[in-house]
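This report refers to the structure that appears directly beneath it.
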Amino acid sequence: MLYSEKVMDHFQNPRNVGKMEDADGVGEVGNAKCGDIMKMYIKVDKGRITDVKFNTFGCGSAIATSSIATEMIKGKRIEEALQLSNKAVVEALDGLPAHKVHCSVLAEEAVKAAVKDYYDKNGIEYDREVFEKIEYEHCR
């Protein structure tokens, strides 16, 4: 089987899908050329992510990685959410085919982009190195 049961579950029944009008931070990553675009919305209260939503245009793996990433950061402190790695996303889904691992990278970057937006909107100082690896352009 190409995809794990968890990947199929998160693809067929994605969690936290939707737009958040009053988001505290919004991050969008991806590239229309390769077809995967991820938009993540976070709501933050006292340094904790109280709600998170996503909209993803892309393949099943992109939807599944977005879905599980939102579950993994919901309720976490912002500093914890920033620790989310694409490797942790892949592990949480019981693996991804090698040619789909880039979707987990997008999920990690979407979380970071949303947090960076939150920091920028609120004038919060942050370590720029944490965010400089975000590649808003994938699949060049």
Side-chain angles (χ1 to χ4, degrees):
M1 181 168 73
L2 196 55
Y3 295 103
S4 72
E5 282 182 37
K6 279 191 182 175
V7 171
M8 293 306 294
D9 180 39
H10 278 271
F11 166 61
Q12 292 169 334
N13 308 293
R15 282 59 146 189
N16 306 305
V17 177
K19 198 173 179 179
M20 193 184 292
E21 296 299 335
D22 59 344
D24 294 318
V26 181
E28 185 171 342
V29 296
N31 184 320
K33 280 189 291 199
C34 66
D36 294 324
I37 299 173
M38 231 174 250
K39 196 165 192 174
M40 194 143 318
Y41 307 83
I42 58 171
K43 194 89 182 127
V44 181
D45 185 34
K46 297 182 183 109
R48 193 170 290 279
I49 296 172
T50 56
D51 198 12
V52 57
K53 299 259 183 255
F54 80 91
N55 279 323
T56 293
F57 178 83
C59 66
S61 295
I63 292 165
T65 57
S66 303
S67 173
I68 198 128
T70 61
E71 286 202 320
M72 293 170 81
I73 67 166
K74 197 174 197 173
K76 297 270 196 293
R77 300 201 53 76
I78 284 187
E79 299 77 24
E80 292 175 274
L82 284 175
Q83 301 302 312
L84 180 73
S85 69
N86 76 294
K87 189 172 186 272
V89 170
V90 170
E91 286 172 6
L93 287 170
D94 293 336
L96 280 174
H99 67 285
K100 292 296 183 180
V101 170
H102 73 276
C103 295
S104 65
V105 174
L106 275 182
E108 173 188 338
E109 291 179 349
V111 169
K112 285 188 172 138
V115 169
K116 182 181 183 301
D117 184 52
Y118 167 73
Y119 284 165
D120 288 342
K121 284 178 177 171
N122 290 280
I124 298 169
E125 284 294 312
Y126 54 84
D127 180 353
R128 301 212 179 278
E129 280 184 28
V130 171
F131 299 97
E132 70 184 14
K133 290 185 195 123
I134 298 174
E135 292 192 38
Y136 296 93
E137 293 288 319
H138 265 278
C139 317
R140 282 187 265 288

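Predicted, not measured: the structure shown is a model, and the values here were computed from it. Note: hydrogens, waters and symmetry copies are ignored here, and every other heavy atom, side chains too, is used.
Applying the salt bridge (Lys or Arg N to Asp or Glu O under 4.0 Å) criterion to E21, with sequence neighbours excluded, gives no partner residue. Among residues two or more places apart in sequence or in another chain, the side-chain hydrogen bond (donor to acceptor under 3.5 Å, both in side chains) test is passed with K6 by none. Under the rule for a side-chain hydrogen bond (donor to acceptor under 3.5 Å, both in side chains), the partners of K87 that lie at least two apart in sequence or sit in another chain are E91. For D24, the side-chain hydrogen bond (donor to acceptor under 3.5 Å, both in side chains) criterion is met by no residue, not counting sequence neighbours.
If you chain together hydrophobic residues whose side chains sit under 4.5 Å apart, V44 and I124 fall into the same group. Linking ILVMFWY side-chain heavy atoms closer than 4.5 Å, directly or via other members, places I73 and V115 in a single hydrophobic cluster.
Atom CD of E109 sits about 7.5 Å away from atom NZ of K112, to the nearest 0.5 Å. Rounding to the nearest 0.5 angstrom, the gap separating the CD1 atom in I42 from the NZ atom in K74 is 13.0 Å.
Here the options are K19, K116, K39, the test is salt bridge (charged side-chain N to carboxylate O under 4.0 Å, His left out), and the partner is E28; only K39 passes.
N86 and H102 are not linked by any side-chain donor-acceptor pair at a separation below 3.5 angstrom, with hydrogens and angles left out of the test. Using a 3.5 Å distance cut-off with no hydrogens or angles, the side chains of T70 and N16 do pair a donor with an acceptor.
Taking 4.5 Å as the limit, some side-chain heavy atom of Y119 sits within range of a side-chain heavy atom of F131. Under the 4.5 Å side-chain criterion, counting only non-hydrogen atoms from C-beta, E80 is not in contact with L82. Using a 4.5 Å heavy-atom cutoff, the side chains of M40 and V26 are not in contact. Inter-residue side-chain proximity for V89 and L84 is flagged as met; some heavy-atom pair is nearer than 4.5 Å. With contacts defined as side-chain heavy-atom distances shorter than 4.5 Å, the pair V17/S67 does not qualify.
Cation-pi geometry between R128 and Y126 is met: the NZ or CZ atom falls under 6.0 Å from the ring centre, inside 45° of the normal.
Closest approach of G95 to S4, counting heavy atoms only: O-OG, 4.2 Å. A pairwise comparison of heavy atoms in S104 and L96 identifies CB-CD1, 4.2 Å as the closest pair. When every heavy atom of Q83 is checked against every heavy atom of E79, the shortest pair comes out as CG-O, 3.3 Å. Taking all atoms of both residues into account, the shortest heavy-atom contact from V29 to A113 is CG1-CB, 4.1 Å.
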Side-chain donor-acceptor pairs of residues 48-65 under 3.5 Å, sequence neighbours excluded:
from, atom 1, to, atom 2, distance (Å)
R48, NH1, G75, O, 2.6
T50, OG1, K43, O, 3.3
T56, OG1, S66, OG, 2.6
T65, OG1, S61, O, 3.0
T65, OG1, A62, O, 3.1
T65, OG1, C103, O, 3.2

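The environment of K121 atom NZ is dense: over 12 non-hydrogen atoms of other residues, nucleotides or ligands sit within 6.0 angstrom.
Listed by first and then second residue, the salt bridge (charged side-chain N to carboxylate O under 4.0 Å, His left out) pairs involving residues 63-73 are R15-E71 (not counting sequence neighbours).
A side-chain donor-acceptor contact under 3.5 Å links N122 to the backbone of Y118.
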